[in-house]
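Below is one structure, written out as C-alpha cells; the observations come after it.
Here the structure is a predicted model, which is why all the values come from computation and not from measurement.
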Amino acid sequence: MQAKKRYFTLVSAGTCLVLLFYLGGLQLRPSRSRVDHGDQVLPRDTEHPWPRFPDPLLPFIQWDQAESEDYNSQGSPRQKRDANSSIYKGKKCRMESCFDFSLCKRNGFKVYTYPQQKGDKISESYQNILSAIEGSRYYTSDPSQACLFVLSLDTLDRDQLSPQYVHNLKSKVQNLHLWNNGRNHLIFNLYSGTWPDYTEDVGFDIGQAMLAKASISTDNFRPNFDVSIPLFSKDHPRTGGEKGFLKFNTIPPIRKYMLVFKGKRYLTGIGSDTRNALYHVHNGEDVVLLTTCKHGKDWQKHKDARCDKDNAEYEK
C-alpha cells in the first residue's frame, strides 16, 4: 500500500514538471521574424522591438565651445565648482611663461587703458581705477607703446545678481583686437560668483591675463603672477586721505583702533562659519568687528538670536 502511494506521488510530480516546462516555454517563446542587417540576418522581436538608435554619439562639447556664459545658473554646487576650475585655463601661468617682457624693454613700463565704448556701463569704483591709471606718469594712449593693458570693460562685480553685472562680457573681451588671449593684460575683480556658492567665475576665460582680485582662493592664485588686493568700497577715496600715525619704531602703532571690519554676516553658505565667529573677537573698543544679517531677500528665514543686536551696531 505504501509503495503504491509513493509511486502515485512520483508520477504526479513528474506530470506537473512536464506541464510547467511546456506552459512556461510557450509564454517565454517570443514571436520572431528575421531582419537583414548588412551581411547578417538577425532575429527581431515584433512584440518588443529594439529601439532605433541614431548615428554614433557626437563627442561632448568642450568648455571653450559653449556659447553661454551663464553656466553658473544650472547644476549642483559641486558641478559649479568643478566647472570653475576650467575658467582658469592659464592656471600654470607665471611671468616667465605668460608675460612678454619685450614690450616693456622697448619703451619702459607704460600702461594702456582701452577706450570706453558708447553704451557700456561702468561703476564708479572701476572708473576711479581707470582715472588713477590715466592720471599717472605710466599711462600711454598709444597701444604700440604699452607694456601692460587694462580693459575699459567693468570686471569688478561679476555677481550675476548684482545691478553692476556686465552681461555678454565673454564675447566683448574676445572681440578686442589687442586681447591676444590676455597676454600682458591685467584684470581687476572684487566680487565673483553668486550666493550661496560664490565660485570664482568672472564670466569669461582670462587666458594668460594677470588677475588683481579680492578674496582669491589659494587654489586659483598664481604666485608671482596674480595680485591679491583688499576689498574696498565704492566710497574709498581715489587719492589723498589723512596723514598716517605710524612712526619709526612705534610698535604697536599709535592708533585708536587696532582692528576694524564691517560687512555682511552670511547666515548660510560659504563664509558663514568665519563671519559668525567674528563676535568672539569684537570688544567695541580697539577691536571693532561689525556684521549685519541683512543679506539676501530671505535673510529673516535664517535669522538667529544675535541678528537684532548685530544689525543695530552695524547701522550705527
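- For Arg306 and Tyr279, the positive end sits near the middle of the six-membered ring, less than 6.0 Å away and at most 45° from its axis.
- Using a 4.0 Å cut-off between charged side-chain N and carboxylate O, Asp205 and Lys170 make no salt bridge.
- The hydrophobic cluster containing Trp299 does not contain Leu161, counting ILVMFWY residues as joined when their side-chain heavy atoms lie under 4.5 angstrom apart, directly or transitively.
- The distance from atom CZ of Arg275 to atom OH of Tyr266, rounded to the nearest 0.5 Å, is 4.5 Å.
- Checked by atom type and distance alone, the side chain of Asn189 pairs as donor or acceptor with a backbone atom of Thr155 at under 3.5 Å.
- Here the side chains of His302 and His295 are not in contact, with every heavy-atom distance at 4.5 Å or above.
- Closest heavy-atom contact between Leu178 and Tyr114: CB-OH, 3.1 Å.
- Put simply, NZ on Lys309 and SG on Cys293 are 12.5 Å apart, with the number rounded to the nearest 0.5 Å.
- Between the side chains of Gln164 and Glu124, no donor-acceptor pair of N or O atoms lies under 3.5 Å.
- When side chains are defined from C-beta on, Leu130 does not count as touching Phe188, because their heavy atoms never get closer than 4.5 Å.
- Using a distance-only test at 3.5 Å, with no hydrogens or angles considered, a donor-acceptor pair links the side chain of Ser152 to the main chain of Pro115.
- Rounding to the nearest 0.5 angstrom, the gap separating the NZ atom in Lys91 from the CG atom in Asp226 is 11.0 Å.
- Hydrophobic clustering, with ILVMFWY side chains joined whenever heavy atoms are under 4.5 angstrom apart, groups Val281 together with Leu278.
- Inspection of the Asp154 and Ser123 side chains reveals an N or O donor paired with an N or O acceptor under 3.5 Å.
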Going through the checks in order, is the side chain to side chain contact (heavy atoms under 4.5 Å, CB included) test met by Lys213 and Leu190?
CA-CA 6 Å; Lys213 180 174 173 56; Leu190 296 181; over 6 Å; no

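- A continuous path of Ile, Leu, Val, Met, Phe, Trp and Tyr side chains, each step under 4.5 Å between heavy atoms, connects Ile187 with Met95, placing both in one hydrophobic cluster.
- A donor-acceptor pair shorter than 3.5 Å cannot be found between the side chains of Asp201 and Thr199.
- Under a 4.0 Å N-O distance rule, the pair Asp142/Lys110 does not qualify as a salt bridge.
- In this structure, Trp179 CH2 and Asn184 CG are separated by 11.0 Å, a value rounded to the nearest 0.5 Å.
- Hydrophobic cluster membership is shared by Ile216 and Val227, with clusters built from Ile, Leu, Val, Met, Phe, Trp and Tyr side chains linked at under 4.5 angstrom.
- A distance of 4.5 Å separates CD of Gln127 from CD1 of Ile122, quoted to the nearest 0.5 Å.
- When Thr292, Asn311, Asn276 are each tested for a side chain to side chain donor-acceptor pair (under 3.5 Å) with Arg265, only one passes: Asn276.
- With hydrogens and angles left out, the side-chain atoms of Glu134 and Thr113 include a donor and acceptor closer than 3.5 Å.
- Leu290 and Phe261 sit in two unconnected hydrophobic clusters of ILVMFWY residues. Membership requires side-chain heavy atoms under 4.5 Å apart, directly or through other members.
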Is there a side chain to side chain contact (heavy atoms under 4.5 Å, CB included) between Val150 and Val111 once you walk through the steps?
CA-CA 7 Å; Val150 176; Val111 184; 3.9 Å; yes

Between Lys294 and Glu315, does the salt bridge (charged side-chain N to carboxylate O under 4.0 Å, His left out) criterion hold? Intermediate values first, please.
CA-CA 11 Å; Lys294 296 180 179 180; Glu315 292 170 0; 2.8 Å; yes

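- Across all non-hydrogen atoms, the minimal contact from Lys172 to Leu153 is CB-CD1, 3.8 Å.
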